[in-house]
Amino acid sequence: MQNAIAFADNDIIVVAWSYGHKLPDCMGFAVYRIDAAGNETVLPSMAVFPGFKRKPGQTTADFPVQKFYWKDPYARLVANKTGSRKFRYKVVPLAGKPGSLKPMAVGFAVSNEVEITPHLSDSLAAYFNRGIISTQHVSDALGADKPSKGKLLKRVANEADSLRADLAGDMIQALTGFVAEAQAGGDLYCALYELGDDQLINALAGLKSRLHVVLSNPKASDEQSQSGETDGNVTSRQTLKDAGAEVVDRMLPSNQIGHNKFAVLVQKKKPVAVLFGSTNWTATGLCTQTNNTIIWRDADLAGRYLDYWKKLSGDTADAADDPKALQGKDLRSWDAKSKAFKLDGDATVTSWFSPNTPALRKSKPANETRPPDMDEVATLMLGAKQAILFLAFYPGTPSLANWAAEAQKANKNLFVRGCVTNPSAAEGFAYELKGMVPPKKQKGDPPGPQDPRVIAADALDKVVPDGWKKEILNAGFAVTHDKIIVIDPFSDDCVVVTGSHNLGYKASFNNDENLVIVKGQRALAEAYATHVLDIYDHFSWRWMVQRDGTKADASLKIKSDEWQSRYYNDDGSIKNAQLRFWLSALAST
């Protein structure tokens, strides 16, 4: 039985396939992209057989894919160049000896057609950037044996630089295009944490008095601070004020942040669309960390966000010049009540805001009550039937990592994969699986345990395989900056959780945040699942290389059974959990 299935978001396409069993003598697969006109292009490859050197332009026809799923990060570039955004994939098994491979007689598999686009319905668009800097492409672009963070930061801040365009993907157009809609007629109401990118600042300033922004005070602004300790937005704040914008200075005290990144479009005095997600309006947010943004053209949801904007503005005014009076009782009480909407047919969107607890979190909480938004998130995770996928930055504890582990313990067949920036979350998952309380860390302690299902992002840094270049892991605080949970994406009961919320207790207690829980929107769930596993796969291989040290082997195998045994048992049953996950979508399409 031959099956191939493809999935896409606006940035990448993933294809998975099966022949129902191991293929004797198969050395791997050549993978071809087929456009709408029927033109075939063989995909590039990275790994080589022992004794061969990696060369520019090598393809999977010569150095095949020794996996049963693969991703195409070049489809977006092809689509932008040619205008053709719909593709299928042909998977050809190869046999022979390295250097002289030929197609096998068993035939090839062809996937369904997918479209590389952010537009998931008439009203909904989801954008993901390509903000992974631990790549050979970035190392090549920086042109040094040891890539320079400083050089990278200068390049991604330059509006004309090709590396900025590569890493931001469609995200710049998503943000500037939304601002341009207000420029064409309307007002824009924003609540922003970090505002440090010149292109975005200038776009907002062009709205003049039709811009209304609640602007917070990040301390370091993710290495884009313009004044140091007190206000990372000091220059952009003054630029917007000088342009005539209404700027609400929301200057929160230490241990609290105004973490929102949303904008509401108002036309003819009515809210018509809202933009939200994890993307800070900085060059690092656009380019050097993974992020997502949703644009939803719905008056009710946009109105809900506009009401929150007004609550933030009113809370700031009520506090006058006393930072400790911010996040008052009225705001907290209003935030504690969620609101649900029916959107896109049968989809349900539940909107949460924070802080939504009666008071700030204590430094040493005892028997604290779970915040209401995190209670709903944890309950949904513990009810997962097929899969939980997630990306996070630094959620603290308790958080999504703990609930994912609880769900995994309750259902051993659950497919759980996650990637985080801060190792503490990955360690929390591992400790929770073992029923252990993480020990208190002292300075100089070795890293804690991590389970391969949930890992902290890593780069080719301490260990670099032969033929590969050293990489940069981060250029600021964050690597994975997304705040995403996907539950059962191939089900009618699929769930996507996203927004600015870091998906742990602290954000609900102490921060200005927004969060949506989307149920039953399968196109959105599949796009988010594609993004999460793209990021997880990228970092999990690097994590394994760093873990295994000099024992790590990045070369292709010359014995067909050696690599296929990672995916199939001898009886034809699927051993690899991720392959089983992707192929499970075939039963529900």
Side-chain angles (χ1 to χ4, degrees), residues 2-4 6 13-34 40-75 89-111 135-137 139-140 460 463-471 537-538 540-570 572 574-576 578-579 582:
Q2 297 180 18
N3 293 309
I13 297 174
V14 173
V15 59
W17 59 90
S18 170
Y19 280 77
H21 53 77
K22 295 179 184 177
L23 290 176
D25 302 320
C26 180
M27 297 295 286
F29 301 93
V31 183
Y32 295 80
R33 182 194 311 116
I34 308 173
E40 297 184 3
T41 303
V42 63
L43 296 189
S45 68
M46 295 290 289
V48 296
F49 290 106
F52 289 78
K53 296 288 187 182
R54 288 180 60 234
K55 294 180 180 179
Q58 71 181 46
T59 74
T60 56
D62 296 312
F63 297 102
V65 174
Q66 289 188 337
K67 298 179 72 171
F68 285 84
Y69 51 86
W70 197 241
K71 57 187 179 184
D72 181 5
Y74 307 100
Y89 288 81
K90 183 173 79 173
V91 181
V92 181
L94 302 176
K97 294 183 178 181
S100 58
L101 300 178
K102 294 182 179 180
M104 296 178 66
V106 293
F108 54 81
V110 178
S111 78
T135 66
Q136 296 297 286
H137 170 65
S139 295
D140 288 341
L460 299 182
V463 180
V464 182
D466 287 343
W468 296 70
K469 290 185 177 181
K470 191 170 185 177
E471 298 171 344
D537 282 349
H538 177 87
S540 65
W541 179 73
R542 285 159 171 80
W543 176 82
M544 286 187 286
V545 169
Q546 301 310 298
R547 179 194 65 179
D548 295 343
T550 55
K551 294 183 289 185
D553 180 9
S555 61
L556 298 174
K557 311 303 178 188
I558 58 174
K559 294 180 180 179
S560 68
D561 192 64
E562 185 177 355
W563 69 269
Q564 290 188 76
S565 292
R566 297 197 303 265
Y567 296 90
Y568 281 92
N569 296 305
D570 290 339
I574 299 175
K575 181 189 292 187
N576 181 274
Q578 188 169 160
L579 177 61
W582 287 125

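Side-chain contact between Lys97 and Met27 is absent, with no heavy atoms from C-beta onward closer than 4.5 Å. Tyr74 is not listed as a side-chain neighbour of Leu43, based on a closest heavy-atom distance of 4.5 Å or more. Considering only heavy atoms from C-beta on, Asp72 comes within 4.5 Å of Arg33 through its side chain. Between Arg566 and Lys557, some side-chain heavy-atom pair lies under the 4.5 Å cut-off. For the pair Tyr69 and Asn576, the minimum side-chain heavy-atom distance is below 4.5 Å. You'll find the side chain of Leu460 stays beyond 4.5 Å of the side chain of Lys469, heavy atoms only. Tyr19 is not listed as a side-chain neighbour of Cys26, based on a closest heavy-atom distance of 4.5 Å or more. At least one side-chain heavy atom of Val92 sits less than 4.5 Å from a side-chain heavy atom of Tyr32.
In this structure, the side chain of Glu471 does not engage the main chain of Ser139 through any donor-acceptor pair within 3.5 Å.
Between Asp537 atom CG and Gln578 atom CD the span is 4.0 Å, to the nearest 0.5 Å. Annotation: the span from Ser45 atom OG to Trp70 atom CH2 amounts to 7.5 Å, rounded to 0.5 Å. Going from atom CD of Gln58 over to atom CE of Met46 covers 8.0 Å, rounded to the nearest 0.5 Å. Between Leu94 atom CG and Ser560 atom OG the span is 12.5 Å, to the nearest 0.5 Å. Here the OG1 atom belonging to Thr60 is positioned 12.0 Å from the CD atom belonging to Gln66, to the nearest 0.5 angstrom.
Taking the six-membered ring wherever Trp is involved, the centroid distance between the rings of Trp541 and Trp468 falls below 6.0 Å.
A salt bridge links Asp570 to Lys22: one of the charged nitrogens lies within less than 4.0 Å of a carboxylate oxygen. Between Glu40 and Lys90 a salt bridge is recorded (basic side-chain N to carboxylate O distance below 4.0 Å).
Crowding of Lys102 atom NZ: a count of heavy atoms from other residues, nucleotides or ligands under 6.0 Å not exceeding 12. The local environment of CG in Asp466 is sparse, with at most 12 non-hydrogen atoms from other residues, nucleotides or ligands closer than 6.0 Å. Heavy atoms from other residues, nucleotides or ligands lying under 6.0 Å from CG of Asp25 number 12 at most.
A donor atom on one side chain and an acceptor atom on the other are found under 3.5 Å apart for Tyr568 and Ser18.
Ring orientation note: the planes of Phe63 and Phe52 are nearly perpendicular, at an angle over 60° on the 30°/60° scale. The aromatic rings of Trp17 and Phe68 sit tilted, their planes meeting at an angle between 30° and 60°.
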